[in-house]
There are 2 protein chains.
Amino acid sequence: MPRLTIGDLAKATGTKVETIRYYERIGLLPEPGRTGSNYRSYDEEHLGRLSFVRRARDLGFSLDQVRELLGLADQTDRSCEAVDAIARQHLTEVERKIVDLTALRDELAEVIERCNHGTVAECRIIAALAPVPAG
Amino acid sequence: MPRLTIGDLAKATGTKVETIRYYERIGLLPEPGRTGSNYRSYDEEHLGRLSFVRRARDLGFSLDQVRELLGLADQTDRSCEAVDAIARQHLTEVERKIVDLTALRDELAEVIERCNHGTVAECRIIAALAPVPAG
DNA sequence: CTTGACCCTCTAGTGACTACAGGGTGCATA
DNA sequence: TATGCACCCTGTAGTCACTAGAGGGTCAAG
């Protein structure tokens with residue numbers, strides 16, 4: 001089994017070294033063994049676990065959700081109901097964010113559209129923000 | 001001119017009291033006068049300024065952007081080019097976020113779709129995260 | 001034997017708040 | 001007059017998910 005330094009692991013997973021140490025500190029990744037000179041020493045299992053974390057993060061799961069998913073992934077003969085629930089909850093959140101941002105975009109676009117490129121005093125963007133016409 | 005306590009201002013703008021103090025601390029709002037018992041005392045101008053900040057925040061501008069917009073709003077006879085630029089830049093960011101989140105939603109939905117509600121070992125959601133089939 | 005790339009720990013910073021802890025003030029009510 | 005409650009004050013620390021830096025040790029190549 002080949003041994004990896006933290007830098008190797010970082011390269012293999014597209015993670016910064018500091019982030020790996022951070023994940024270890026918060027208990028998301030297990031403490032690896034150490035070499036004689038106190039360097040962290042990883043194997044394939046660590047690589048798999050970190051890859052899991054990164055893929056889940058790329059899908060927008062929070063670290064708490066990733067922690068839960070990791071815990072569930074180990075209990076292979078349980079029903080995957082809980083996994084499904086976490087994923088669906090996350091999907092709902094993402095969909096809500098899209099709705100919110102879309103409304104925001106429309107409002108912003110409208111405000112910008114109205115700008116006649118004159119002075120600040122006449123600016124519709126500022127007017128849209130200010131509660132009174134600067135009296 | 002009616003005087004407002006920080007609580008009045010909070011109610012009038014839908015802002016938490018702590019947030020108003022925070023805005024003052026970071027120099028986004030001017031330090032108000034104080035009463036004999038050291039309570040902050042606000043007037044209509046403070047109300048206008050905080051309303052401006054909140055509307056800009058609701059439109060998703062960062063505090064740094066709000067600071068810039070506030071500075072620009074005071075120079076009424078300048079061209080509103082800079083205002084327009086900030087707003088357009090923000091719009092671009094919002095649009096990029098929508099694109100990213102939409103791609104994310106599609107990927108998540110696909111992963112969830114494939115879940116056959118069996119055991120964790122067979123779970124397609126976990127499989128989509130794990131790099132190897134748990135060998 | 002020195003240079004440079006890597007590794008270590010520990011601390012503090014980011015954005016935009018939020019939440020205490022530990023006090024003081026003001027007003028109404030019994 | 002006491003007391004209770006809602007409000008105000010300062011200051012500090014917590015949130016999330018990292019990121020950056022200080023100040024040092026290790027290792028391989030030339």
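Lettering of chains follows the sequences in order, A, B, ..., and the numbering in each one begins at 1.
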Distances under 3.5 Å between nitrogen or oxygen atoms of protein and nucleotides 25-28 of chain C:
{"residue": "C:dT25", "atom": "O4'", "partner": "B:Tyr39", "partner atom": "OH", "Å": "3.1"}
{"residue": "C:dT25", "atom": "O3'", "partner": "B:Ser37", "partner atom": "OG", "Å": "3.4"}
{"residue": "C:dG26", "atom": "OP1", "partner": "B:Ser37", "partner atom": "OG", "Å": "2.8"}

**Asked** Does OP1 or OP2 of C:dA16 have a side-chain N or O of B:Arg25 closer than 4.0 Å?
**Response** no
**Message:** Please compare A:Phe61 and B:Thr5 by the position of their nearest nucleotide in DNA chain D and report the one closer to 5'.
**Reply:** B:Thr5
**Out of D:dT19, C:dA16, D:dC18, whichever nucleotide has its closest atom nearest the side chain of A:Arg57** = D:dC18
**Complete:** note: B:Leu9, atom CG; D:dC9, atom P; distance rounded to Å ~ 11 Å
**Prompt:** When rounded to the nearest 0.5 angstrom, what distance separates CG in B:Leu108 from CD in A:Glu95?
**Reply:** 9.0 Å
**Request:** Would you tell me if any nitrogen or oxygen in the side chain of A:Arg34 comes within less than 4.0 Å of OP1 or OP2 on C:dT9?
**Result:** yes
**Request:** In whole angstrom, give the distance that lies between atom OH of B:Tyr42 and atom C1' of D:dC7.
**Result:** 14 Å
**Request:** Pick base, sugar-phosphate or nothing for A:Ile26, based on heavy-atom distances below 4.0 Å to the nucleic acid.
**Result:** nothing
**Prompt:** Where the side chain of B:Lys16 is defined as all heavy atoms beyond and including C-beta, which of C:dC7, C:dT9, C:dT18 is the nearest nucleotide?
**Reply:** C:dT18
**Asked** How long is the line joining CG of B:Leu63 and P of C:dT14, in whole Å?
**Response** 13 Å
**Asked** Rounded to the Å, how far apart are A:Asp8 CG and D:dC27 P?
**Response** 15 Å
**Asked** Has B:Thr19 got a side-chain N or O lying under 4.0 Å from the OP1 or OP2 atom of C:dT18?
**Response** yes
**Prompt:** CD1 of B:Ile20 versus C1' of C:dA19: gap in Å, rounded?
**Reply:** 16 Å
**Request:** Please round to the nearest 0.5 Å and tell me the distance separating atom CG of A:Leu72 and atom CD1 of B:Ile126.
**Result:** 6.5 Å
**Request:** Could you check how far CZ of B:Arg67 sits from P of C:dC17, rounded to whole Å?
**Result:** 12 Å
**Asked** Do other residues, nucleotides or ligands put more than 12 heavy atoms under 6.0 Å from B:Glu81 CD?
**Response** no
**Asked** Does the B:Glu113 side chain pair with the main chain of B:Glu110, one donor and one acceptor, at a distance under 3.5 Å?
**Response** no
**Prompt:** Rounded to the nearest 0.5 Å, how far apart are CD of B:Glu122 and SG of A:Cys80?
**Reply:** 8.0 Å
**Distance, rounded to the nearest Å, where B:Tyr22 contributes OH and D:dT12 contributes P** = 17 Å
**Message:** Please determine whether a side-chain nitrogen or oxygen atom of B:Arg21 lies at a distance below 4.0 Å from atom OP1 or OP2 of D:dT10.
**Reply:** no
**Item:** Salt-bridge contact A:Arg54-A:Asp58 (side-chain N to carboxylate O under 4.0 Å)
**Value:** no
**Request:** Considering only NZ, NE, NH1 and NH2 on the basic side and carboxylate oxygens on the acidic side, decide whether B:Glu24 and B:Arg40 come within less than 4.0 Å.
**Result:** yes
**Fill in**
Among C:dA16, D:dT19, D:dC8, the one nearest any side-chain atom of A:Glu18 is D:dT19
**Message:** I need the CD-P distance between A:Glu24 and C:dC7, as an integer number of Å.
**Reply:** 13 Å
**Message:** Under 4.0 Å from OP1 or OP2 of C:dT9: is there any side-chain N or O of A:Arg40 that close?
**Reply:** yes
**Prompt:** Any donor-acceptor pair under 3.5 Å linking the side chain of A:Gln65 with the backbone of A:Ser62?
**Reply:** yes
**Request:** Identify whether any heavy atom of A:Tyr23 sits under 4.0 Å from a base atom; if not, whether one sits that close to sugar-phosphate; answer base, sugar-phosphate or nothing.
**Result:** sugar-phosphate
